[in-house]
Amino acid sequence: MEPKKVRTRFAPSPTGYMHIGNLRTALYTYLIAKKNNGTFILRIEDTDQARYVEGAVDIIYDTLRKTGLIWDEGPDIGGPVGPYIQSQRMGMFKKYAEQLVEMGHAYYCFCDKDRLEELHKIQTASGMPTKYDGHCRNLSKEEVQEKLAAGIPYVIRQKCPTEGTTTFHDEVFGDITVENSVLDDQILIKADGMPTYNFANVVDDHTMGITHVIRGNEYLSSTPKYNLLYEAFGWDIPVYIHVPPVMKDANNKLSKRNGDASFEDLIAKGYLEEAVINYIALLGWAPKGENEIFTLPELIQEFDVSGISKSPAIFDPAKLKAINGEYVRKLSKEDFIRDALPYIRQSCKKEDLNLDLLAELLQPRTEVFTDIPEQIDFIDSLPDYDISLYTHKKMKTNAESSLAVLKEILPILEALPDWKLDSINAAMADLVAKLQVKNGYVLWPLRVAVSGKQFTPGGGTEIAELLGKDETLRRIRIGIEKLSQ
RNA sequence: GGCCCGUUGGUCAAGAGGUCAAGACACCGCCCUUUCACGGCGGUAUCGCGAGUUCGAUUCUCGCACGGGUCACCA
């Protein structure tokens, strides 16, 4: 039998932000489609008007576009099985539900909310499982007609078998079997005539030809009921791929409510889209080989459902940072400068800044762009430092030796005709040779004097070039003054 | 509480009935080096517990513990 062309769908609710778990689901959904030369579909599930948020759909579009998860069919571009916005598909569901009633797989229920609440209370109090008690399950056709005619509000419920078991297969979790007796006769069509999510989802997935359903494993427990629906209609059951949640810590999911970072937040914090995608791919999925750094096209090659983990994965900011660092280092110098400039300007306003040189110093030392401002906060003005910085055991320097060295350096640099890194380096090398000391004996005091810091991107000579001759000399004089006191 | 699912280092995780139980991040040490970082080399650290099957279980089975999910006219 010719296998059906793979069609997957990402079906988010427009809630106003894209959280990491959701984005990962979108990624896996995309990868499974592309891996199989299939179609990746975007469907917006906006039927909960109460939760509707202005602009939320745009956030979904933006995020998917920025991360490269480009959909082949969707609300904005259409496709053969539209509409792709659930609220525009409302007309079709009731007729499917009525068909189910006729076939004996669903029934009208006239129970009002008070009765249901009462039932729930009793069941909870007596420790019984809370489920619909089947009150309207066996109404005769006449009774139903009568109530319908009388205009009594009703819902349509799924008629689940009460005996036996239902088994379904999941690509991640394997075969799962449940007792039919625990299945609730869930509502398919609400009193307002609209479908519940559970029903709409099944009908939408089928009518859109979805072959692989990728979703969070919180849906694992409702899957048997979905399958009963597919079977009742005689539809093909999709391949299920349930993915475990992304956690903040051992006990809590990553969520906006806990104040955890959304995709947008991470980008705002200076992370690169590619790095975020690469990292979240690794959260709950392991590649076959030892490499962990993959671009999106490489992920398509590498991804395999068998590598998806069954257990939850804790989001580790340290690892994300490390991976981001890899991507920052891979950037071309031009791209690095473009992305880093706003962060550079946060703490360095100097006009005639040698961006080229600064970028070379900064790029290997930057894991996240937000590291940058603090690294270069000494450029605009010399920090007020303590002379203890001049003491470095390994360099064999102290305040006294540094003072002597700075006094040697000052006239040499004052006399230096062209202020270029090479000539500064050469001048310092000459001094080192003349004094017959180690490089650091001369260069450590220089760095401290020009930066006022212990750790800087690049060494004293690079900083000297960056600062320019006048400022460098000024700072060396300040150093001499500090050390002379 | 019923049902379902899960449990390999601090984190992500590979793994197979017999392995010195991969790799990455983090951490530590060394090298490189004018500091830090980058890069290179090395190190510490893991199979939840108890039975059973077996010559041998981390791997298979069953209990237990712990954690998660689900039990809406929400999605």
Side-chain angles (χ1 to χ4, degrees), chain A residues 11-13 15 45-48 50-51 86 109 111 113 116 120 123-124 126-131 153-157 170 173-174 176-179 181-184 186-192 194 196-198 200-201 216-224 242 244-245 247 249-253 279 282-293 307 309-323 325 329 361-367 371 375 389 392 394-395 397 428 432 438-448 451 453-462:
Chain A
S13 288
T15 54
E45 309 220 327
D46 62 341
T47 48
D48 189 0
R51 231 193 267 182
Q86 201 170 53
C109 171
C111 294
K113 288 204 171 156
L116 261 19
H120 189 88
Q123 286 170 336
T124 310
S126 60
M128 288 168 62
T130 50
K131 52 179 280 197
Y154 66 92
V155 300
I156 298 180
R157 308 188 90 108
D170 179 87
F173 288 89
I176 294 175
T177 301
V178 297
E179 298 283 334
S181 58
V182 305
L183 267 22
D184 192 17
Q186 64 177 345
I187 291 172
L188 268 19
I189 299 290
K190 300 185 269 187
D192 62 4
M194 294 294 125
T196 56
Y197 164 82
N198 291 309
N201 209 256
N217 72 356
E218 66 268 25
Y219 292 100
L220 228 29
S221 57
S222 26
T223 302
H242 286 93
M247 310 292 281
D249 54 44
N251 300 334
N252 300 290
K253 258 196 198 185
Y279 176 59
L282 262 19
L283 269 180
W285 169 76
K288 292 261 194 301
E290 291 190 352
N291 180 30
E292 288 189 327
I293 304 299
S309 166
K310 291 186 182 66
S311 38
I314 298 173
F315 183 90
D316 181 6
K319 178 106 181 189
L320 204 214
K321 249 190 144 180
I323 289 180
R329 267 169 259 134
L361 301 179
L362 241 26
Q363 190 163 3
R365 283 163 245 262
T366 301
E367 281 196 310
D371 293 345
Q375 287 195 81
L389 283 185
H392 193 290
K394 208 171 146 197
M395 302 302 140
T397 63
M428 291 302 103
V432 165
K438 286 181 64 176
N439 289 337
Y441 189 82
V442 167
L443 295 166
W444 178 261
L446 175 61
R447 190 222 333 282
V448 173
S451 72
K453 295 182 76 172
Q454 192 173 12
F455 306 130
T456 57
T461 56
E462 281 97 352

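Here the structure is a predicted model, which means the values were calculated and not measured. Residue numbers start from 1 in every chain, and the chains themselves are labelled A, B, ... in the order their sequence lines are given, proteins ahead of strands.
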Exercise. Return the value, rounded to whole Å, for the distance between atom CD1 of I187(A) and atom P of rC73(B).
Key: 4 Å
Quiz prompt | Any side-chain heavy-atom pair of N201(A) and E45(A) under 4.5 Å | solution = yes
Quiz item: How many Å lie between NE2 on H242(A) and C1' on rC5(B), as a whole number?
Solution: 11 Å
Practice problem: Using atom CG of L389(A) as one end and atom C1' of rU34(B) as the other, report the distance to the nearest whole Å. | Solution: 15 Å
Quiz item: Please give, in whole Å, the distance from rU33(B) P to W444(A) CH2?
Solution: 17 Å
Self-check item: N/O donor-acceptor pair, side chain K319(A) with base rA24(B), under 3.5 angstrom
Solution: yes
Sort me out a list of protein N/O and nucleotides 68-70 of chain B N/O pairs below 3.5 Å, or just none if empty.
unit_1, atom_1, unit_2, atom_2, d
rU70(B), O4', S221(A), OG, 3.3
rU70(B), O2', S221(A), OG, 3.4

Self-check item: Counterpart base for rG18(B), defined by Watson-Crick or G-U wobble contacts under 3.5 Å
Solution: rC55(B)
Practice problem: Quick one: look up who rG1(B) pairs with, Watson-Crick or G-U, both distances under 3.5 Å, and put none if it's unpaired. | Solution: rC71(B)
Quiz item: Once you round it to whole Å, what is the distance between C1' of rC73(B) and CG of D184(A)?
Solution: 12 Å
Exercise. Please report, rounded to the nearest Å, how far the P atom of rU11(B) is from the CZ atom of F315(A).
Key: 16 Å
Quiz item: Base, backbone or nothing for each nucleotide of nucleotides 43-48 of chain B, written B, S, -, heavy atoms under 4.0 angstrom, 5' to 3'?
Solution: ------
Quiz item: So, do I176(A) and L220(A) sit near enough that their side-chain heavy atoms are less than 4.5 Å apart?
Solution: yes
Quiz item: Considering only the P atoms, how many Å lie between rG63(B) and rC73(B), rounded to the nearest integer?
Solution: 34 Å
Polar atoms only, N or O, under 3.5 Å: list the protein pairs with nucleotides 36-39 of chain B and their distances.
unit_1, atom_1, unit_2, atom_2, d
rC36(B), O2, R365(A), NH1, 3.0
rC36(B), N3, R365(A), NH1, 2.2
rC36(B), N4, R365(A), NH1, 3.3
rA37(B), O2', P364(A), O, 3.0
rG39(B), OP1, R329(A), NH1, 3.3

Quiz item: Heavy atoms, side chains only, cut-off 4.5 Å: are L282(A) and I323(A) in contact?
Solution: yes
Exercise. Could you check how far OH of Y197(A) sits from P of rC74(B), rounded to whole Å?
Key: 14 Å
Practice problem: Rounded to the nearest angstrom, tell me the gap between atom CD1 in I323(A) and atom P in rA13(B). | Solution: 12 Å
